[in-house]
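Presented below is the structure to which this report refers.
Along the sequence shown, residues carry numbers from 1. What's counted below: heavy atoms across the whole structure, side chains too, no hydrogens, waters or symmetry copies.
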Amino acid sequence: MSPEPPARPNVTGWLIVMVCFLGLSISFSARSILGLTMPLWESELGWSRSFISTGGALTLLTMAFIAPVTGNLVDRFGPRRVLLAGLAAIAAGMGLASMTSSQWQFILLYCILAGAGFGIVAMHVASTTIALHFTENRGIATGIGGAGSTSGQLLVIPILALVLTTVGWRLSYVTLAVLALALMPVVMIFVKSGRIATANARSIAGPADPLGQRLGFLLRSPVFHALFWSYVVCGFTTSGVIETHMLPYAAACGFPPLDGAKAYGVLSAFNLVGMLGAGYLSDRVHRPTLLATIYIVRGLSFLLLMQIVGDLQLLFTFAVMFGLADYATVPVTASLVASHMGLRIMGLTMGLLTAGHQAGGALGAFLGGVLYDMFARYDWVWGASIALALSAGLMVLTIPGRGRDLRPALAAA
């Protein structure tokens with residue numbers, strides 16, 4: 001018997017990974033800039049921290065609302081038009097928000113228009129698009145593509161902090177708008193416009209089935225509930241309290257803006273390490289145990305955060321520990337969705353999980369601002385984050401280690 005020929009390189013798949021990496025870099029950097037501009041808006045525009053935090057919460061709610069819709073559209077029509085719409089919304093929202101001078105403009109342009117773009121050029125669209133192009137190495141491919149959400153911030157956030165301190169925040173917003181516009185031709189070239197199809201499996205709902213039937217399938221699944229509620233906690237402890245309040249908290253602890261930005265850059269660097277490591281391990285180890293470990297480490301990291309006052313080294317130690325457990329949940333969760341829920345409805349499933357994630361994030365962002373205005377401290381928020389993260393770790397341990405998996409195929413336009 002002649003040996004099997006070596007597998008052909010998945011060139012198309014890795015090009016998709018590159019596009020998702022770049023898109024997430026832009027989208028997540030545009031989201032994170034809110035934390036940097038918060039103190040400036042307080043002094044320049046006279047806005048309260050609770051108002052700006054409420055705007056951050058509204059942005060996350062906009063993302064939560066749009067996530068299931070865009071996930072369903074990816075299942076039915078493919079990712080090209082979805083990604084183009086998201087990049088256009090980011091470009092328009094950030095460009096126009098650079099000229100804002102009133103609260104209603106901030107709400108409309110950043111929280112709603114740009115927020116819609118953040119909700120489209122997001123992890124659920126990227127991870128679904130990548131997963132549908134891979135059968136082998138799906139975890140590491142998702143990790144690399146998703147790493148754009150962290151490595152982009154690693155490079156961009158310190159640069160934006162420097163721009164903010166030299167020429168002001170408005171030019172930073174314009175720069176992000178230009179980057180979003182520049183990526184649109186890349187999406188047109190490399191991302192196919194056809195509808196993504198998957199192998200037939202009668203036991204699993206598919207994109208041609210009525211939406212109610214697909215939602216019913218998910219709502220009856222204990223695995224979906226474990227993933228959904230743990231992802232709500234994930235949002236609370238990441239985009240809610242850390243992305244929105246870490247930099248203002250560092251400033252309140254006496255650290256200058258550049259030190260806070262450097263620590264955030266370190267956190268983003270170790271986000272990259274954690275996401276790639278989790279993606280690699282999700283192809284090789286018991287995934288529920290891996291996911292539970294990530295949540296537990298994240299919860300324990302808040303104990304360090306509560307002690308950072310006056311200790312720059314401890315601030316950076318927290319950044320390392322939290323960074324390793326931050327976005328590391330994404331490739332493991334996406335892998336479990338692909339194998340347990342099925343590729344044919346992965347877009348809708350990841351969209352619903354992302355909606356829960358952003359709702360949790362909105363709650364964290366809102367509570368952080370309100371409690372700070374009430375007590376001038378964040379201790380209650382950090383304590384709640386510890387308890388919730390440990391609870392999420394217990395939830396995901398109920399998920400079976402193995403599930404069904406379907407081989408994907410992308411239909412030509």
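The environment of F316 atom CZ is dense: over 12 non-hydrogen atoms of other residues, nucleotides or ligands sit within 6.0 angstrom. For CH2 of W229, the number of neighbouring non-hydrogen atoms (other residues, nucleotides, ligands) closer than 6.0 Å is 12 at most. Atom CZ of F51 sits in a crowded spot, with more than 12 heavy atoms from other residues, nucleotides or ligands closer than 6.0 Å. Other residues, nucleotides and ligands place no more than 12 heavy atoms under 6.0 Å from the CZ atom of F366.
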> Please walk me through it: do T349 and T128 pass side chain to side chain contact (heavy atoms under 4.5 Å, CB included)?
Replying inline: CA-CA 9 Å; T349 307; T128 299; over 6 Å; no
> Are M246 and F318 close enough, and set up right, to give a side chain to side chain contact (heavy atoms under 4.5 Å, CB included), and what steps lead you there?
Replying inline: CA-CA 11 Å; M246 177 185 161; F318 162 78; 4.2 Å; yes
> Can you check side chain to side chain contact (heavy atoms under 4.5 Å, CB included) on L353 and H124, steps first, answer last?
Replying inline: CA-CA 8 Å; L353 263 59; H124 69 288; over 6 Å; no
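For the pair R214 and F217, the cation-pi test (distance below 6.0 Å, angle within 45°) is failed.
Checking V17, I16, L22 one by one against C20, the side-chain contact (heavy atoms from CB on, under 4.5 Å) holds for a single residue, I16. The one candidate from Y378, Y249, W382 that meets the side-chain contact (heavy atoms from CB on, under 4.5 Å) condition with V241 is W382.
In this structure a side-chain-to-backbone donor-acceptor pair under 3.5 Å is missing from Y110 to G55. Not one N or O on the side chain of D326 forms a donor-acceptor pair closer than 3.5 Å with the backbone of N271. Side chain of S29 to main chain of I26: no donor-acceptor pair is present (N/O by atom type, distance under 3.5 Å, no hydrogens or angles). Counting only distance, with no hydrogens or angles, the side chain of R287 and the backbone of S335 share a donor-acceptor pair below 3.5 Å. In terms of modelled atom types and a separation under 3.5 Å, the side chain of Y327 and the main chain of G146 share no donor-acceptor contact.
For the pair H245 and V381, the minimum side-chain heavy-atom distance is 4.5 Å or more.
By the 30° and 60° cut-offs, the orientation of the rings of F106 relative to W47 is tilted.
For an aromatic pair to be called close, the ring centres must be under 6.0 Å apart, and Y264 with F322 fails this.
Annotation for V330 and Y231: closest pair CG2-OH, 3.7 Å, computed over non-hydrogen atoms.
Side chain to side chain, T37 and Y173 meet the donor-acceptor criterion of an N or O pair below 3.5 Å.
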